[in-house]
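The structure under discussion appears below in the form of structure tokens.
The basis for the numbers below is simple: all heavy atoms, side chains too, and nothing from hydrogens, waters or symmetry mates. On a predicted model such as this, the values are computed, not experimentally measured, just so you know. A note on names: the letters A, B, ... follow the listed sequences, proteins ahead of strands, and every chain is numbered from 1.
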Number of protein chains: 2
Amino acid sequence: MISQKAKYALRALIDLAEASHDDPVQISDIAASQDIPRKFLEQILLDLKHQGLVASRRGKAGGYILLRAPEAITFGEVLRIIDGPLAPLPCLSKTAYHRCVDCKDEAACQIRRVFAGAADATRGVLDKATIADAMGDAGRAGAATVLA
Amino acid sequence: MISQKAKYALRALIDLAEASHDDPVQISDIAASQDIPRKFLEQILLDLKHQGLVASRRGKAGGYILLRAPEAITFGEVLRIIDGPLAPLPCLSKTAYHRCVDCKDEAACQIRRVFAGAADATRGVLDKATIADAMGDAGRAGAATVLA
DNA sequence: AAATAAGCCTATCGACTTAATCGACATTAC
DNA sequence: GTAATGTCGATTAAGTCGATAGGCTTATTT
């Protein structure tokens, strides 16, 4: 299960992607239209800013804009920022590898071999699906970036 | 990330599968050979028993046995018992569906469409991989039950 | 320059979950 | 009947999750 925070982050990014690119969108507007607690969204957008996905302007008429094309932001990237590694085991993460605390011999780990397949499958989907895929009206083909 | 408890459960089942099927294996033996806290393993095996994966005998010379062939116990089933639904969103679970709390229109949910692909991919792997796939020595072909 | 409107940032909260432990009880073998 | 074993509920300490609070900084407006 992905966290509520990750859902909020994705929805906020989709919201930003769908907004006119001319001027920044305010936190409160996103919060209102996506029904996200204002202060919580503040933290989320700050995270996304620190990771280079969005930029902000302060002061009156400030707000947020997307820093990249919606096609260039994947679900996988957002989930890693908010929820941490996608991998089912720490020793299978490409982006945040570390040994399982109780692991004696990684190469011989019986569980690891199976989960490696699961990790690849998940990454295959989430690192290909983008904010752009989630935009627009329901019926759109291409939305389901299936497994090839 | 799967829980420590789920890792223990899988390792315990593999241990049981690799033991001689003649007489029951004691909790303490599994705990020792797999390096799992004894009392914690007790709870885990009880869960697995309640779900019909293993059977137990009490009293002296008691212990646990597998109730099914290792080929007939999937990783997915074990994970669902210990960690709950595999699906990334509650509204995508086949075994424990329920609406997201804040969901207005499920069919139109932009996020859901993408995660549906991820859920299928994960299930595709974990509902095919079995305890038998994880048994035996490292090099074994077939261990990687890849995506087809 | 003061007032106001926005984002920035850190701390804190209560509820829940996780990993683990404890202790009393029930059952079986010998 | 005693020792060995599984059963089961309660408890704990630490961590996470979702959310809120409040002061700070920056920019605009008047």
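Rounded to an integer number of Å, the gap from CG of B/Asp102 to P of D/dG18 is 11 Å. The distance from atom CZ of A/Arg11 to atom P of D/dG18 is 13 Å, rounded to the nearest whole Å. Between the C1' atom of D/dA14 and the CD atom of B/Gln4 lies a distance of 15 Å, rounded to the nearest Å. If you take CD1 of B/Ile82 and C1' of C/dA19, they are 13 Å apart, rounded to a whole angstrom. The separation between A/Asp23 atom CG and C/dA6 atom C1' is 14 Å, rounded to whole Å. In this structure, the CG atom of B/Leu46 is 17 Å from the P atom of D/dT5, given to the nearest Å. Straight-line distance from the CE atom of B/Met1 to the C1' atom of D/dT16: 15 Å, rounded to whole Å. Between the CD1 atom of A/Ile44 and the P atom of D/dT20 there is a distance of 12 Å, given to the nearest Å.
Where A/Tyr64 and A/Gln43 each meet DNA chain C at their nearest nucleotide, the meeting point lying more 5' is that of A/Tyr64. Both A/Arg57 and A/Pro37 sit near DNA chain D, but only A/Pro37 has its closest nucleotide nearer the 5' end.
Checking the phosphate oxygens (OP1, OP2) of C/dC8, a side-chain nitrogen or oxygen of A/Lys49 falls inside 4.0 Å. Between A/Tyr8 and D/dC17, a side-chain N or O to OP1/OP2 separation shorter than 4.0 Å is absent. Phosphate proximity of D/dT5 to B/Ser56: absent, as no side-chain N or O sits under 4.0 Å from OP1 or OP2. For the pair A/Arg38 and C/dG7, the criterion of a side-chain N or O lying under 4.0 Å from OP1 or OP2 is met. Taking only side-chain nitrogens and oxygens, A/Gln26 comes nearer than 4.0 Å to OP1 or OP2 of C/dA6.
In this structure, A/Asp83 contributes its side chain and A/Arg80 its backbone to no donor-acceptor pair below 3.5 Å. Put simply, the side chain of B/Arg123 never gets that close to the backbone of B/Asp127: no donor and acceptor are under 3.5 Å apart. Without hydrogens or angle criteria, A/Arg57 side chain to A/Ala61 main chain gives a donor-acceptor distance under 3.5 Å. Within the 3.5 Å criterion, the main-chain N or O of A/Cys91 finds a donor-acceptor partner in the side chain of A/Arg112. In this structure a side-chain-to-backbone donor-acceptor pair under 3.5 Å is missing from B/Arg38 to B/Ile27.
Side-chain proximity of A/Lys60 to the nucleotides C/dG7, C/dT21, D/dT29 is greatest for D/dT29. Distance from the side chain of A/His50 is smallest for C/dC9 among the nucleotides D/dC8, C/dC9, D/dA19. Comparing C/dA24, C/dT27, C/dA20 by their nearest atom to the side chain of B/Lys39 picks out C/dA24. The B/Phe40 side chain lies nearest to C/dA20 when the options are C/dA20, D/dG18, C/dC22. Considering only the side chain of B/Ser3, C/dA19 comes nearest among D/dT7, D/dA4, C/dA19.
Contacts of A/Leu45 with the nucleic acid, taken as non-hydrogen atoms under 4.0 Å apart, are absent.
Below the 3.5 angstrom threshold, one finds no donor paired with an acceptor across the side chain of A/Lys7 and the base of D/dG18. Judged by distance alone, with hydrogens and angles left aside, B/Glu42 brings a side-chain donor or acceptor within reach of the base of D/dC8, the pair sitting under 3.5 Å.
At a cut-off of 3.5 Å, with distance as the only test, a side-chain donor of B/Gln4 or A/Asp102 sits close to an acceptor on the other residue.
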